[in-house]
Asks: 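Okay, here's the structure, questions in a sec.
Just so it is clear, the values below take in all heavy atoms, side chains as well, and ignore hydrogens, waters and symmetry mates. Quick caveat, the model's predicted, so the values are computed rather than measured.
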Amino acid sequence: MDNYTSSPVQYLGQLRLLLEIEYNCEKEEYRRQTEAMGLQRKVKRGDAWLPVSVGKSYYNSLNQLAVEVLRTQDKEIEHNFEFGRPVVFFVLADKQTSNRQTSYQQTSRQDISRQDTSKQVTSDWQASDNANHLVNSSACSSSAKYLFTGTVSYVDGDRMVVVVADNAPLEKLRTADCVGVQLFFDETTYRLMFEALDRVINAKGNRLAYLRDLFASRQKAGTFSFDPIRFPWLNPAQEQAVNNVLRAKDVAIVHGPPGTGKTTTLVEAIYETLRRENQVLVCAQSNMAVDWISERLVDRGVNVLRIGNPTKVNDKMLSFTYERRFADHPDYPQLWSIREAIRKLRQARSRRRDDAYHQKLDRLKSRAVELELRINAQLFGEARVIASTLTGSASRLLAGQKFGTLFIDEAAQALEAACWIAIRKASRVILAGDHCQLPPTVKSIMALRGGLGVTLMERVVRQKPEVVTLLKTQYRMNEQIMRFSSDWFYGGMVEAAPQIKYRGILDFDNPMTWVDTADVDGKEEFVGESFGRINRAEADLTLSVLQDYFTKIGKQRILDERIDVGIISPYRAQVQLLRRLLRKKEFFKPYRGLVSVNTVDGFQGQERDIIVISLVRANADGQIGFLSDLRRMNVAITRARMKLIILGDVATMTRHPFYRKLYEYVES
């Protein structure tokens, strides 16, 4: 998309078309996967739990019917369930029950349609075509019967709580022999993004229209003028970033390369903003990012109200969630009693529903609404920071609320349409992140080429460089590990803090090593139904190289100093292979809690003393696939504090100029 030749409205209209392409692509991909992929494959990918044990059901403090689900097998597999994601329950049936399939199809459609009314599922496609297709799919035709959908309330390890419609037939789950739950296509997020874009496109003569036109042009953003405030505990770039946030009338950007203290800077900026404003909205793309910034704010003594449940379910995190605060309010027991009375009144078997019945019901409902409004007024009145994901900012709890300032953390990982969901509620916007690290996920090649992957942060950085503050001092990596990333991605402007510049594990050690997998004749191959890419010889060599390095350090020192390791591969299939090999290898048993294996995305925002990267690709054509998205590799190589080991086929990888330069740098 050309940002410069089209008007803001035309630009956002194009963006909406690209989002529709992505929506249709993802919907079709989900349908195709459901048809082609067996349930066991979904379990292995972390997209399904099978079997599950269904625990207690209850009404939560938000008056939603919730059911507890426990995973009973495959507990070592990392799953993709998290707060807010839609799921569908199913039961497995033997072939003798297949003749009842037609009635189950009707039940599935009815159940899913009923959930439409509760806004947990909103699409006609889900209500009919998908339910029908799921049950008829070749992979599941004689086994999977899909019952009804729900939304994840929270997950803690192998325990999950799912919110379902009031009329969800939970008895079916309890009486069935084999029950499972899997991720469902997420219509809600797309609906919210489309609604936000429509609102922005049609905005006229208001603050939203002003921000829309400002972000899509080279017009200068407004600023206040005052002498800089000193923050002696911050470095000069961080101090400048906080001052620029405070001076901004419209927009400011905190650009934080890896290890430069972006979160520290953002927390300080929020804290200072709260000296001037009563309340701010803080959002991020992921629940994990929202939790992280919320926890840091709570540590500073800020009253945070978290809309939605945290990823990490512990007492500290739960203590600032809306649901926990609501349930802890002194008026809540009275509200719960009234709601229980309403439920009992509705469930009464008596057919006589006369005027007295309706009058009593109306009185109870009126009293319940009154109490709920009173509790909400107090909770929101006391909170200084309202924290949620970008889609969570559309919660009914925030309906009609406006904020002076919106902070969006990890803004470079969010689609622009998602940012507008929250921007509708704010007068000015502060974006924080790094557009040289992980981009948002876009599945449609056509939408990606059209520019859907270009984030709002990237657009503003490009058109308004004067609102950007680059954080320049990093506190994570040995200077030699950092230098390549700084030169390639940040114009050589990032420097290592003096205290960590020469950090290392072994004396006279080279902080960066590239191991050429051609020496073990490593070759990439496809495996599994989803054609995951692995390199078996490279996987074996990865653990062998790490074992040699551990032997040099010494077992006692590793355990005493808790030296931790991250093994990264861009390919999920290679990650799963490495995990299996790691579990089998006797040598690594004492270090169980110190070695973790994950994809690049899984390590975003994390760091380890030692990072080992398995690149996988090894072929005669020099094809490297999505490894040519260099932002991913920037994330991978900047996770290491003291030692970085890269394993890859030099002949394949160095055909790309980035990897050739990286290899030459490591070798030098």
Side-chain angles (χ1 to χ4, degrees), residues 3 207-208 210-231 234-257 260-277 279-285 289 293 296-297 302 384-387 390 393 402-414 416 418-420 422-437 454-473 490 493:
N3 300 339
R207 186 66 183 169
L208 186 61
Y210 172 80
L211 290 175
R212 173 197 67 202
D213 296 345
L214 179 74
F215 292 167
S217 70
R218 293 197 181 276
Q219 177 188 336
K220 292 281 185 187
T223 55
F224 297 105
S225 181
F226 55 77
D227 291 335
I229 302 168
R230 292 300 318 281
F231 302 100
L234 300 179
N235 67 44
Q238 292 172 330
E239 188 178 271
Q240 183 189 349
V242 175
N243 276 287
N244 288 349
V245 166
L246 298 177
R247 288 194 185 104
K249 279 184 184 176
D250 304 318
V251 62
I253 290 179
V254 179
H255 181 188
T260 53
K262 172 183 63 69
T263 304
T264 300
T265 308
L266 197 58
V267 166
E268 198 62 51
I270 293 167
Y271 193 81
E272 283 299 312
T273 301
L274 289 172
R275 292 177 182 270
R276 296 152 179 79
E277 298 175 22
Q279 195 176 67
V280 300
L281 178 61
V282 176
C283 294
Q285 171 69 14
I293 192 88
R296 295 288 299 274
L297 286 164
V302 177
R384 303 298 309 281
V385 168
I386 308 298
L390 290 165
S393 68
K402 294 289 181 185
F403 299 88
T405 305
L406 161 68
F407 290 86
I408 302 180
D409 194 13
E410 303 294 1
Q413 282 185 262
E416 177 169 346
C419 291
W420 285 110
I423 293 173
R424 290 182 300 172
K425 297 182 176 294
S427 295
R428 70 182 193 126
V429 185
I430 311 301
L431 304 169
D434 181 11
H435 52 284
C436 301
Q437 292 189 64
V454 178
T455 62
L456 181 64
M457 179 171 166
E458 276 183 271
R459 211 152 61 86
V460 178
V461 166
R462 194 182 303 154
Q463 295 175 200
K464 294 179 180 28
E466 70 279 2
V467 306
V468 181
T469 310
L470 175 70
L471 304 181
K472 297 176 181 176
T473 306
Y490 308 105
M493 296 181 72

Asks: Within a reach of under 6.0 Å around OH of Tyr271, are more than 12 heavy atoms found that belong to other residues, nucleotides or ligands?
Replies: no

Asks: Quick one, Thr260 with Thr473, criterion side-chain contact (heavy atoms from CB on, under 4.5 Å). Give me CA distance, side-chain angles, the key distance, then yes/no.
Replies: CA-CA 5 Å; Thr260 53; Thr473 306; over 6 Å; no

Asks: Regarding Arg459 and the six-membered ring of Phe215, is the cationic atom NZ or CZ under 6.0 Å from the ring centre and inside 45° of its axis?
Replies: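 Geometry flag: not set, cation outside 6.0 Å or 45°.
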
Asks: When you compare the side chain of Cys436 with that of Tyr490, does any pair of heavy atoms fall below 4.5 Å?
Replies: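 A side-chain contact under 4.5 Å exists here.
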
Asks: By the definition salt bridge (Lys or Arg N to Asp or Glu O under 4.0 Å), identify the one residue from Arg207, Lys220, Lys464, Arg212 that meets it with Asp250.
Replies: Arg207

Asks: For the residue pair Lys425 and Leu406, establish whether any side-chain heavy-atom pair is separated by less than 4.5 Å.
Replies: no

Asks: Decide yes or no for Lys249 and Thr223: does some side-chain heavy atom of the first lie under 4.5 Å from some side-chain heavy atom of the second?
Replies: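 SC-SC contact between Lys249 and Thr223 ruled out.
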
Asks: To the nearest 0.5 Å, how far apart are CG in Asn244 and CD in Glu466?
Replies: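 Those atoms lie 10.5 Å apart.
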
Asks: If you define the side chain from C-beta out and look only at heavy atoms, does anything of Val282 sit under 4.5 Å from Ile386?
Replies: no

Asks: Rounded at 0.5 Å granularity, tell me how far SG in Cys283 sits from CD1 in Ile423.
Replies: 9.5 Å

Asks: Begin from the C-alpha positions of Arg296 and Thr264 and carry the test side-chain contact (heavy atoms from CB on, under 4.5 Å) through to its verdict.
Replies: CA-CA 8 Å; Arg296 295 288 299 274; Thr264 300; 3.1 Å; yes

Asks: Does Phe231 offer a backbone N or O that forms a donor-acceptor pair with the side chain of Glu239 under 3.5 Å?
Replies: yes

Asks: To the nearest 0.5 Å, tell me how far Ile430 CD1 sits from Thr273 OG1.
Replies: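 Answer for the CD1-OG1 pair, Ile430 versus Thr273, is 6.5 Å.
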
Asks: So how far is it from Glu458 CD to Gln463 CD, rounded to the nearest 0.5 Å?
Replies: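 If I round to the nearest 0.5 Å, the distance is 11.5 Å.
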
Asks: Within the 4.5 Å heavy-atom criterion, are Val302 and Leu274 side-chain neighbours or not?
Replies: yes

Asks: State, with a plain yes or no, whether a side-chain heavy atom of Leu471 is found less than 4.5 Å away from one of Gln238.
Replies: yes

Asks: Could you report the tightest heavy-atom contact between Cys419 and Leu456, atom names first, then the distance?
Replies: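 Here Cys419 and Leu456 meet closest at CB-CD2, 4.1 Å.
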
Asks: Quick check: closest heavy atoms across Ala284 and Ala289, and the distance to 0.1 Å?
Replies: CB-CB, 3.6 Å

Asks: So Glu416 and Thr455, side-chain contact (heavy atoms from CB on, under 4.5 Å) or not? Walk me through it.
Replies: CA-CA 5 Å; Glu416 177 169 346; Thr455 62; 5.9 Å; no

Asks: Distance-only, no hydrogens or angles: does the Asn243 side chain make a donor-acceptor pair with backbone N or O of Pro228 under 3.5 Å?
Replies: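 A pair under 3.5 Å: no.
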
Asks: Search all heavy atoms of Ala241 against all heavy atoms of Thr265 and return the closest pair with its distance.
Replies: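 Minimum heavy-atom contact is CB-CG2, 3.7 Å.
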
Asks: Ignoring hydrogens, what is the shortest heavy-atom contact between Ala418 and Leu390? Give both atom names and the distance.
Replies: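 Taking every non-hydrogen atom into account, O-CB, 3.7 Å.
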
Asks: Applying salt bridge (Lys or Arg N to Asp or Glu O under 4.0 Å), which residue pairs with at least one partner in residues 402-411 are found, sequence neighbours left out?
Replies: Lys262-Asp409, Lys262-Glu410

Asks: Check whether any side-chain heavy atom of Leu281 sits under 4.5 Å from a side-chain heavy atom of Phe407, and report yes or no.
Replies: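 When only atoms from C-beta onward are counted, Phe407 and Leu281 do not touch, as no gap falls below 4.5 Å.
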
Asks: Stepwise, does the side-chain contact (heavy atoms from CB on, under 4.5 Å) test hold for His255 with Asp434?
Replies: CA-CA 5 Å; His255 181 188; Asp434 181 11; 2.7 Å; yes

Asks: What residues, two or more places apart in sequence or in another chain, satisfy salt bridge (charged side-chain N to carboxylate O under 4.0 Å, His left out) together with Glu277?
Replies: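 Glu277 satisfies salt bridge (charged side-chain N to carboxylate O under 4.0 Å, His left out) with Arg428 only.
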
Asks: With distance as the sole criterion, is a donor-acceptor pair present between the side chains of Arg276 and Thr405 under 3.5 Å?
Replies: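 Thr405 and Arg276 do not have a side-chain donor-acceptor pair below 3.5 Å.
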
Asks: Determine whether Gln285 and Ile408 make a side-chain contact, defined as any pair of heavy atoms from C-beta on separated by less than 4.5 Å.
Replies: no

